[in-house]
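Start at 1 and go down the list; that is how both ligands and their atoms are numbered.
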Amino acid sequence: MSGRRTVAVVGGGIIGLAIASELVSRGAEVTVFDPDPGGSDGAWHVAAGMLAPGGESAHEYPHLTRLLEASNALWPEFAASLGDVGYDDAGTLGVALTADDVADSMREWRHQKLDPLTGSQLRDREPALSPRVRAGVFAPTETQVDPRKVVAALRAGLAGRIAAKRVDVLSDVDADVTVVAAGCGTAALTGLPIRPVKGQVLRLRGEPGLLRHVIHGSADGRPVYLVPRADGEVVVGATQEERTDRAITVGGVHDLLRAALDLVPGLAEHEITEITVGHRPGTPDNAPILGHVDDIRRTVVAAGHHRNGVLLAPITARLVADLVLTGSAPALLDDFTPGRFGCA
Ligand code: GLY
């Protein structure tokens with residue numbers, strides 16, 4: 001026996017893999033349990049990969065801001081450690097189509113401490129924006145990455161440490177510490193209040209170069225984001241529905257396409273290549289649950305990242321690794337304990 005700490009990570013999505021990778025880099029003996037290690041059944045597969053610490057309604061969850069910003073600061077180094085994962089720091093344009101959209105967006109822009117730009121100032125930066133776009137902001141620190149490439153790189157780095165096994169009961173797992181990072185599946189394993197929040201997402205393809213920035217905004221009250229990749233793909237998201245089904249709906253697709261075309265009419269020539277449905281793991285306060293769920297400190301939960309799973313992967317990995325290896329929680333985790341919901 002090497003005497004190294006053995007850690008089981010239940011869940012092979014972006015959070016579980018990032019935690020496992022961090023633990024391995026710090027010398028732990030790690031096994032990731034995932035029923036389908038090469039599969040695509042996870043919120044990461046649907047996610048567009050916006051890294052938006054201010055633009056994902058952060059003003060509604062002020063206690064999350066510090067965690068979001070800390071993770072955003074880690075992304076350049078985290079991405080570089082993984083190779084080419086499509087990390088792109090061109091920044092985001094927050095945009096509003098109508099006067100009502102401008103009024104609704106102001107609170108978010110103020111929270112981000114960004115100066116409003118006129119429609120023509122926005123079009124100077126992004127000529128494909130519709131002449132009808134009235135106002136917006138440039139958020140230089142809101143970037144993007146391709147979550148599918150991130151997961152592929154993390155899996156490759158963990159080759160030989162991912163077991164194709166479904167865990168139904170935590171007591172079946174034999175390790176010094178078990179980390180439960182099973183997204184929505186964490187609820188059944190731990191009893192924690194994590195619910196699925198449905199999102200429908202489209203992938204379009206056209207000539208590369210139509211858009212340079214991530215576009216995040218609203219058009220006639222319809223929220224939408226457009227995440228352009230270097231190869232001509234544009235990810236259009238996303239609905240947010242308190243539903244558990246996986247149906248692709250006429251209303252969902254219509255609202256996304258209508259908002260996308262209102263903001264960027266040139267997308268009309270793009271091909272629709274994919275429509276996917278996923279479920280974000282939401283919690284009662286829509287912040288993640290990060291901490292021990294037993295008195296003997298052998299089970300740690302890292303789940304419930306809701307709209308920010310991709311953004312929060314690096315900070316979650318770092319803080320959860322600290323918790324696993326030292327047994328005590330870093331101060332940044334104080335607001336995110338399972339105990340806030342009356343558990344453990
Ligand atoms: N972060 C984007 C979404 O959850 O739709």
Side-chain angles (χ1 to χ4, degrees), residues 13-15 18 40-61 64-65 67-69 71-72 75 79 85-88 91-95 105 108 111-112 139 141-151 183-184 194-204 213-219 222-229 233-244 246 248-249 251-253 255-257 259-260 263 274-283 285-288 303-316:
I14 198 164
I15 296 291
S40 55
D41 187 20
W44 59 269
H45 185 73
V46 179
M50 303 154 56
L51 305 175
E56 280 286 82
S57 305
H59 60 288
E60 289 168 16
Y61 312 109
L64 248 180
T65 300
L67 197 68
L68 296 173
E69 287 178 351
S71 203
N72 202 37
W75 255 103
V85 289
Y87 180 74
D88 181 336
T92 293
L93 295 178
V95 301
S105 304
E108 186 167 304
H111 175 84
Q112 291 177 270
T141 60
E142 311 245 319
T143 58
Q144 62 139 315
V145 71
D146 185 337
R148 296 179 182 182
K149 290 186 176 171
V150 173
V151 165
C184 293
I194 296 177
R195 70 184 196 289
V197 181
K198 179 179 170 185
Q200 303 182 51
V201 173
L202 314 174
R203 280 173 164 77
L204 316 180
H213 305 83
V214 173
I215 308 295
H216 194 183
S218 68
R222 295 185 181 86
V224 72
Y225 49 80
L226 311 171
V227 181
R229 310 269 194 236
E233 181 174 84
V234 179
V235 186
V236 181
T239 65
Q240 180 166 314
E241 306 162 67
E242 296 289 337
R243 300 181 62 95
T244 57
R246 302 189 74 89
I248 293 168
T249 64
V253 173
D255 282 355
L256 293 174
L257 284 179
L263 296 178
E274 218 185 285
I275 307 180
T276 42
V277 176
H279 291 94
R280 310 168 181 92
T283 65
D285 61 6
N286 286 330
H305 292 72
H306 192 44
R307 293 183 69 100
N308 294 298
V310 179
L311 172 57
L312 288 175
I315 196 79
T316 300

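Ring geometry for Tyr87 against Trp75 counts as parallel: the plane angle stays under 30°, on a 0 to 90° scale with 60° as the upper cut.
In summary, the atoms of ligand 1 found under 4.0 Å from a heavy atom of Ala238, numbered by their order in the structure, are 5 (O).
Results of the side-chain contact (heavy atoms from CB on, under 4.5 Å) test with Arg280 over Arg307, Lys198, His305, Arg195 single out Arg307 as the only residue that passes.
In this structure, of Glu56, Met50, Gln240, Gln200, the residue bringing a heavy atom nearest to atom 1 (N) of ligand 1 is Glu56.
Classification of Glu233 and Arg148 as a salt-bridged pair fails, no side-chain N sitting under 4.0 Å from a carboxylate O.
For ligand 1, one of its N or O atoms has an N or O atom of Arg307 under 3.5 Å away.
Looking from atom 4 (O) of ligand 1 to the surrounding protein, the closest heavy atom is Arg280 NE, 2.7 Å. The nearest heavy-atom contact from the protein to atom 5 (O) of ligand 1 is Tyr225 OH, 2.5 Å.
Using a 4.5 Å heavy-atom cutoff, the side chains of Pro288 and Leu67 are in contact. With contacts defined as side-chain heavy-atom distances shorter than 4.5 Å, the pair Val214/Glu142 does not qualify.
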